[in-house]
Number of protein chains: 2
Amino acid sequence: MNELHVLTTGEAARYCGVNFRTVIRWIERGQLKAYKLPGRGDHRICVEDFVGFLRDNAMPVPSELAVASRKVLLLTSDPAIAGAGRQALQQSGCEVDVAGDSFIAGTLMAACKPAMLLIDGNMSQLNSFQILDHLRSRSEFANVHALVVAPSGDQEQQRWLEAGADAVVTSPVDRNELVAKVKLLLEI
Amino acid sequence: MNELHVLTTGEAARYCGVNFRTVIRWIERGQLKAYKLPGRGDHRICVEDFVGFLRDNAMPVPSELAVASRKVLLLTSDPAIAGAGRQALQQSGCEVDVAGDSFIAGTLMAACKPAMLLIDGNMSQLNSFQILDHLRSRSEFANVHALVVAPSGDQEQQRWLEAGADAVVTSPVDRNELVAKVKLLLEI
DNA sequence: GGTATAGTTGACAGGTAAGACAGGTTAAAT
DNA sequence: ATTTAACCTGTCTTACCTGTCAACTATACC
């Protein structure tokens, strides 16, 4: 079998318990994104697209595919937060990438395709609102969850939520609270 | 990994999620251009041919293979530089995207696939060295030129070049100098 | 409740590309 | 120079594609 970053129609069909013909119809109708091979016109479906499709339609996501959707990108320049966050998230089943710089985090959004971006709002040089705004304005990030660690002393969590965050945790971070919110958002 | 100008059948196969035998059949059928090595008859596919093939068949093009265009991504939070830079670059035949935030710039590296990143080193909250280091350490950006506008008063251009910049212009920016260096790097 | 209708899915068949496997060889890495 | 990993060819098997038709589901209507 191939490397699991693309699926054939048959594989996709088996994953959701339907006939392969049905999967092809979803593709033809534009509900499921796929591309075609030149020869016979075989379809190939990127796993991310497939998982997104399943989510959109409230269908169960197979665990072996969900791995790809348990990636969290942690943006913080604080080594303590990076270390603690990475450990906590990994223990709850996530794959974690850490970026200490926002440009790097931006490039990793495309390279690693995380399912969640965890922003450390304490980073002095960071304009978290701008980031949230950008995320919410671009369709390729529509399915990426955003979780913000509110800066110390900040009480107005509502602002973050309005700006596009899916959830907020207060600083200093309570480990259990963080893990719980991540699990909730990623449906682990 | 080799120099990314040519691909083997195996690499091409992995890129599009098929068996290498299939890639060979595409070549035999004349759908994909390739040449053969004398020894075993290994196929080598020029990246441009491969990308053209992918485009022709509406298949996704991996970002690290995207052909360099005349797109320039300008990273600056200074509206004056953004405006002047955009104008100067457009007049010399470039397509220009401007990002005022480094996270956004990072995401645009993948979304817009610029051939050059122009960094305003005057941005206070920017760690240009970290950005250059990241660019040079990741293969998908190997072909992206980096041009730095050195901060006012900074005389040590050498530092930037060592960090990975392809060229440096001093601040305040001389329009002609900027245009000349961009044209040189992009071979316009 | 029963029936008609539209829309969706599954089944089947014929054709064909794609994948798997094996044995041999070379290119590349060390 | 040696080892390792990858590629090539040929053959056989598997699985996907298209088209058509029947069966099922949901909804609306009587």
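A note on names: the letters A, B, ... follow the listed sequences, proteins ahead of strands, and every chain is numbered from 1. All of these numbers come straight from a predicted model, not from anything done at the bench. All values below come from the heavy atoms of this structure, side chains included, with hydrogens, waters and symmetry mates left out.
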Return the SG to CG distance between Cys112(A) and Asp97(A), rounded to the nearest 0.5 Å.
4.0 Å
What I want to check is whether the side chains of Asn122(B) and Asp120(B) have a donor and an acceptor closer together than 3.5 Å.
yes
Does a side-chain N or O of Trp26(A) approach OP1 or OP2 of dT9(C) to a distance below 4.0 Å, or not?
yes
Salt-bridge criterion met for Glu95(B) and Arg70(B) (N-O under 4.0 Å):
no
Interatomic distance, Tyr35(A) OH vs dA18(C) C1' [rounded to whole Å]:
13 Å
Asn19(B) CG to dC16(D) P: how many Å, rounded?
14 Å
Separation of dT25(C) atom P from Leu37(B) atom CG, nearest Å, is 17 Å
Arg138(B) bridged to Asp133(B) by N-O distance under 4.0 Å:
no
Under a single-linkage definition using a 4.5 Å side-chain heavy-atom cutoff for Ile, Leu, Val, Met, Phe, Trp and Tyr, are Val144(B) and Phe129(B) assigned to the same hydrophobic cluster?
yes
Are Thr22(A) and dT8(C) close enough that a side-chain N or O sits under 4.0 Å from OP1 or OP2?
no
NZ (Lys33(A)) with more than 12 external heavy atoms under 6.0 Å
no
Indicate for each nucleotide in nucleotides 2-11 of chain D, in 5' to 3' sequence, whether protein heavy atoms under 4.0 Å reach the base (B), only the sugar-phosphate (S), or nothing (-).
----BBBBBB
